[in-house]
Asks: 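First the structure, then my questions, so here it is.
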Amino acid sequence: MKINMTNVNRIWKDLIFGIGEVSQITGVSARQIRYWEKKGYITPLDKEEAAMRRYGLPDLYQVSLIKHYLDEGFTLSKAAEKAQRAHDKYRKLKTFFKQRVKQVSFDEEDKGLIDLGQVMSPDGKQYHLVGCIRDGKNEFQLRPLTAEPDSKNE
């Protein structure tokens with residue numbers, strides 16, 4: 001089964017929450033969320049003052065992270081800074097994987113295989129860099145270009 005990532009991405013982007021839902025999911029009061037907006041730590045999808053506040057999944061993630069760091073004892077400004085830094089790391093990882101992951105599959109032993117594309121070894125030969133995952137352990141393998149990762153596509 002091949003998953004159409006365009007559809008998956010559209011579903012994630014179309015997830016929209018009202019301020020009450022964000023409050024209920026994260027445990028942060030609507031009043032606190034509005035305060036964080038005023039401080040610039042989060043931004044609703046509709047920026048007009050009179051509009052109903054609506055938030056996307058990244059906003060929900062940001063609110064959850066800020067709350068986590070507040071619960072850890074950080075000040076609000078430091079919690080928001082750490083949450084933004086974590087979010088920036090996530091975006092970098094997402095960009096990396098969108099550009100590098102060519103195929104995800106399983107071999108005959110149900111070992112997960114992640115084809116990370118071509119790399120050049122120090123001796124100048126081209127290989128597939130494949131991440132292998134099984135039983136909670138992972139490793140990288142270099143496989144000759146002529147050999148596609150052994151797999152049964154899922």
Side-chain angles (χ1 to χ4, degrees), residues 1-107 109-120 122 127-142 149 151 153-154:
M1 172 176 101
K2 187 167 181 159
I3 297 172
N4 182 336
M5 290 310 292
T6 303
N7 289 341
V8 171
N9 288 333
R10 188 172 42 245
I11 291 168
W12 286 113
K13 286 181 182 178
D14 288 346
L15 285 175
I16 296 174
F17 306 90
I19 194 167
E21 293 168 311
V22 173
S23 176
Q24 184 179 15
I25 292 167
T26 63
V28 176
S29 72
R31 184 172 156 230
Q32 191 69 32
I33 293 168
R34 287 196 271 312
Y35 178 72
W36 293 355
E37 274 182 41
K38 278 186 183 175
K39 298 293 272 179
Y41 300 141
I42 58 172
T43 306
L45 297 173
D46 300 320
K47 297 178 186 175
E48 295 178 27
E49 198 63 34
M52 183 179 139
R53 287 176 166 85
R54 299 177 328 136
Y55 302 88
L57 198 57
D59 304 309
L60 189 68
Y61 177 66
Q62 191 77 354
V63 170
S64 296
L65 282 174
I66 292 171
K67 182 183 184 315
H68 166 76
Y69 290 121
L70 285 171
D71 291 348
E72 293 286 313
F74 292 95
T75 65
L76 177 57
S77 63
K78 191 64 173 177
E81 179 185 317
K82 289 179 78 63
Q84 186 59 51
R85 185 76 176 144
H87 192 73
D88 292 345
K89 287 179 184 178
Y90 164 77
R91 279 193 303 239
K92 297 246 186 262
L93 279 170
K94 181 179 172 184
T95 299
F96 173 83
F97 282 105
K98 280 178 96 173
Q99 292 174 358
R100 290 299 304 195
V101 173
K102 306 301 178 201
Q103 178 181 344
V104 178
S105 57
F106 298 90
D107 67 7
E109 299 164 0
D110 276 341
K111 180 176 13 174
L113 303 172
I114 303 170
D115 183 353
L116 295 169
Q118 295 181 17
V119 294
M120 185 181 299
Y127 293 92
H128 280 282
L129 176 61
V130 178
C132 304
I133 305 165
R134 183 176 44 214
D135 300 329
K137 297 178 183 172
N138 59 64
E139 66 181 16
F140 289 105
Q141 295 178 357
L142 291 177
S151 66
N153 287 333
E154 294 287 327

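Residues take their numbers from the sequence shown, with the count starting at 1.
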Asks: Do you know the tightest heavy-atom contact between Cys132 and Lys111?
Replies: CB-CD, 3.6 Å
Asks: Once salt bridge (charged side-chain N to carboxylate O under 4.0 Å, His left out) is applied, do any residues pair with Asp88, and if so which ones, sequence neighbours excluded?
Replies: Arg91
Asks: Mind listing the closest non-hydrogen atom pair of Leu76 and Trp36 along with its distance?
Replies: CD1-NE1, 3.3 Å
Asks: Does the side chain of Ile42 reach to within under 4.5 Å of the side chain of Val63, using non-hydrogen atoms?
Replies: yes
Asks: Any side-chain heavy-atom pair from Tyr55 and Ile19 closer than 4.5 angstrom?
Replies: yes
Asks: Only pairs at least two apart or in different chains count here, so list each salt bridge (Lys or Arg N to Asp or Glu O under 4.0 Å) that has a residue in residues 59-76.
Replies: Lys67-Asp71
Asks: Can you list the residues that meet the side-chain hydrogen bond (donor to acceptor under 3.5 Å, both in side chains) rule with Gln32, with sequence neighbours excluded?
Replies: none
Asks: Quick one: does Glu37's side chain get under 4.5 Å of Arg53's, heavy atoms only?
Replies: yes
Asks: If the condition is salt bridge (charged side-chain N to carboxylate O under 4.0 Å, His left out), which residues does Lys82 pass it with, not counting sequence neighbours?
Replies: none
Asks: My understanding is that only residues two or more places apart in sequence, or in another chain, count here; which of them pass salt bridge (charged side-chain N to carboxylate O under 4.0 Å, His left out) with Lys102?
Replies: none
Asks: Write down the atom of Tyr41, the atom of Ala80, and the distance for their closest heavy-atom approach.
Replies: CD2-CB, 3.3 Å
Asks: I'd like to check the salt bridge (charged side-chain N to carboxylate O under 4.0 Å, His left out) partners of Arg85; sequence neighbours left out, ordered by chain and number.
Replies: none
Asks: Please say whether more than 12 non-hydrogen atoms of neighbouring residues, nucleotides or ligands are located less than 6.0 Å from CD in Gln24.
Replies: no
Asks: Holding to side-chain hydrogen bond (donor to acceptor under 3.5 Å, both in side chains), I want the full list of residues that pass it with Arg54, two or more places apart in sequence or in another chain.
Replies: Asp46
Asks: With sequence neighbours left out, write down each residue that passes ring-ring contact (aromatic ring centres under 6.0 Å, His included) with His68, or none if nothing qualifies.
Replies: none
Asks: Any heavy-atom pair between the side chains of Leu60 and Thr26 that's under 4.5 Å?
Replies: yes
Asks: Just verifying a value: how many Å separate Gln84 CD and Lys89 NZ, rounded to the nearest 0.5 Å?
Replies: 12.5 Å
Asks: Run the side chain to side chain contact (heavy atoms under 4.5 Å, CB included) test against Leu129 and tell me which residues pass, sequence neighbours left out.
Replies: Leu116, Val119, Phe140, Leu142
Asks: Given side chains that start at C-beta, do those of Asp115 and Val101 come closer than 4.5 Å, heavy atoms only?
Replies: no
Asks: Side chains of Phe97 and Leu93: closer than 4.5 Å at any heavy-atom pair?
Replies: yes
Asks: Is there side-chain contact between Tyr90 and Pro58, with at least one heavy-atom pair below 4.5 Å?
Replies: no
Asks: Is it true that a side-chain atom of Ser23 and a backbone atom of Val28 form a donor plus acceptor pair closer than 3.5 Å?
Replies: yes
Asks: Drop me the distance from Glu81's CD to Thr75's OG1, to the nearest 0.5 angstrom.
Replies: 8.5 Å
Asks: Once you round to the nearest 0.5 Å, how far does CD of Gln103 lie from CD1 of Ile114?
Replies: 11.0 Å
Asks: Any donor and acceptor pair, going by atom type alone, linking the side chain of Gln99 with main-chain N or O of Phe96 inside 3.5 Å?
Replies: no
Asks: With sequence neighbours left out, write down each residue that passes side chain to side chain contact (heavy atoms under 4.5 Å, CB included) with Ala79, or none if nothing qualifies.
Replies: Ile66, Tyr69, Leu70, Phe74
Asks: Would you mind listing every salt bridge (Lys or Arg N to Asp or Glu O under 4.0 Å) that reaches into residues 22-34, with sequence neighbours excluded?
Replies: none
Asks: Does any pair with a residue in residues 128-139 pass salt bridge (Lys or Arg N to Asp or Glu O under 4.0 Å), and if so which ones, sequence neighbours excluded?
Replies: Glu109-Arg134
